[in-house]
Amino acid sequence: MCGRFAVYSTIEELAELIREALPDLEVEPARGFVPSYNIAPSAAIVTIGRRRPEHPHRMALLKWGLVPSFAKDPTRMAPINVRSETVLTKPMFRRPIERQRCLVPANGFFEWKRAGSRKQPYFIRRADGRPLLMAGIYDVWRGGEGGAPLMTCAILTTDSNDWMKPIHHRMPVMVAPEAAARWCDPQRSAADVLPLLTPPPADALEAYPVDARMNSPRHDDPACIAPLPPAPDVPGDKVDSE
DNA sequence: CCAGACGTTGTT
DNA sequence: GTCTGG
DNA sequence: CCAGACGTTGTT
DNA sequence: GTCTGG
């Protein structure tokens with residue numbers, strides 16, 4: 001799954017790189033985004049969508065945690081992940097998966113590998129340094145009294161491929177650059193585009209352990225994604241400190 | 001019919 | 001243990 | 001996802 | 001909104 005990720009590129013750098021896949025991409029209205037090495041649920045995150053066929057692809061900031069349009073209390077139910085295997089069967093995702101698909105760009109994401117009773121965070125990114133595009137859906141909640149509509153999103157997940165399995169058994173669904181435009185096309189049906197979501201080639205990604213300091217979402221600095229130095233393993237030394 | 005839930009993750 | 005906040 | 005709080009009264 | 005359970 002995906003419960004934490006990083007977008008440390010500036011919004012302009014990000015847009016520039018993604019325009020290779022989506023040449024018409026407009027940065028507005030996401031220009032105010034503040035890059036982060038440690039993005040946690042409930043944060044405002046960069047998304048790319050196309051509201052209507054006549055519109056270009058646009059970046060927007062949506063709150064991470066999908067609040068369905070019918071929710072009475074927008075704080076009660078807000079899944080950050082949606083299982084791609086069952087997304088078509090759940091009424092609460094019907095409209096989002098059919099008409100409100102989006103991309104969530106990231107420089108990389110975090111995943112925790114269980115190591116006995118401990119959990120070791122890993123950072124996973126594309127080997128070529130380009131941003132990866134995670135598959136998302138969004139919805140609009142208009143229950144606020146006269147306030148602006150609340151726009152929220154969630155990231156699709158799937159079973160890990162063989163490359164990812166040693167770290168974790170679930171992973172975010174990633175969209176190949178060639179499939180990005182079709183994923184966002186509001187005129188295509190969900191049944192049409194879901195088969196486009198194939199796991200990335202094994203050599204496309206790289207992963208390495210990072211310091212557990214990033215466990216706390218309050219830590220947001222380059223150290224969050226710095227490769228963990230190999231633990232010294234001197235005979236006689238206490239190995240299990242932390 | 002109305003009322004109430006509607007999600008994921010992981011762990012046992 | 002369970003919920004909220006980041 | 002993980003971390004951190006989880007309560008009341010009254011006073012400034 | 002839409003489905004399930006009573």
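Order of the sequence lines fixes the chain letters, A, B, ..., with proteins taken first and strands second; residue numbering starts at 1 for each chain.
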Pairwise [atom1] distance for [N] and [M], with rounding to whole Å:
N: B:dT12; M: D:dC2; atom1: P; answer: 14 Å
N: C:dG5; M: B:dA5; atom1: C1'; answer: 25 Å
N: B:dT9; M: D:dC1; atom1: C1'; answer: 9 Å
N: D:dT8; M: C:dT4; atom1: P; answer: 15 Å

In whole angstroms, how far is the [atom2] atom of [N] from the [atom1] atom of [X]?
X: A:Glu111; N: B:dT8; atom1: CD; atom2: P; answer: 16 Å
X: A:Arg4; N: C:dG5; atom1: CZ; atom2: P; answer: 16 Å
X: A:Ile155; N: D:dC1; atom1: CD1; atom2: C1'; answer: 11 Å
X: A:Arg94; N: B:dG7; atom1: CZ; atom2: C1'; answer: 18 Å
X: A:Lys90; N: B:dA5; atom1: NZ; atom2: C1'; answer: 12 Å
X: A:Phe109; N: D:dC1; atom1: CZ; atom2: P; answer: 14 Å
X: A:Asn38; N: D:dC1; atom1: CG; atom2: C1'; answer: 9 Å
X: A:Ile80; N: D:dC1; atom1: CD1; atom2: C1'; answer: 6 Å

* Asked: When you check the phosphate oxygens OP1 and OP2 of B:dT9, does a side-chain N or O of A:Asn81 lie under 4.0 Å from one of them?
  -> no
* Asked: Think A:Arg76 has a side-chain N or O under 4.0 angstrom from the OP1 or OP2 of C:dT4?
  -> no
Would you classify [X] as touching base, sugar-phosphate or nothing, given that sugar-phosphate means primed atoms plus P, OP1 and OP2, and contacts are heavy atoms under 4.0 Å?
X: A:Ala40; answer: base
X: A:Thr86; answer: sugar-phosphate
X: A:Ser42; answer: base
X: A:Arg170; answer: sugar-phosphate
X: A:Phe110; answer: nothing
X: A:Met77; answer: base

* Tell me, what's DNA chain D's dot-bracket, Watson-Crick or G-U with both distances under 3.5 Å, | for other-strand, [ ] crossing? -> ||||||......
Is a side-chain donor-acceptor pair under 3.5 Å present for [Y] with [X]?
X: A:Arg125; Y: A:Asn107; answer: no
X: A:His57; Y: A:Asp24; answer: yes
X: A:Arg95; Y: A:Ser69; answer: yes
X: A:Thr157; Y: A:Arg83; answer: no
X: A:Ser36; Y: A:Asp220; answer: yes
X: A:Asn215; Y: A:Trp112; answer: yes

* Asked: Hey, does the side-chain of A:Ser69 have a donor or acceptor N/O within less than 3.5 Å of a partner on the base of E:dG1?
  -> no
Out of [options], which has the shortest distance to the side chain of [X]?
X: A:Pro79; options: D:dG4, D:dC2, B:dG7; result: B:dG7
X: A:Pro41; options: C:dG6, D:dA3, E:dC3; result: C:dG6
X: A:Arg114; options: B:dT11, D:dC2, B:dT8; result: B:dT11
X: A:Ser216; options: D:dA3, B:dC6, B:dT9; result: D:dA3
X: A:Thr157; options: D:dA3, B:dT9, B:dG7; result: B:dT9

* **Donor-acceptor pair, side chain of A:Arg101 and main chain of A:Trp183, under 3.5 angstrom** => yes
* **salt bridge (Lys or Arg N to Asp or Glu O under 4.0 Å) between A:Glu12 and A:Arg31, worked out** => CA-CA 8 Å; A:Glu12 288 292 355; A:Arg31 192 163 309 270; 2.3 Å; yes
* Asked: Is A:Arg76 salt-bridged to A:Asp73, going by a charged N under 4.0 Å from an acidic O?
  -> no
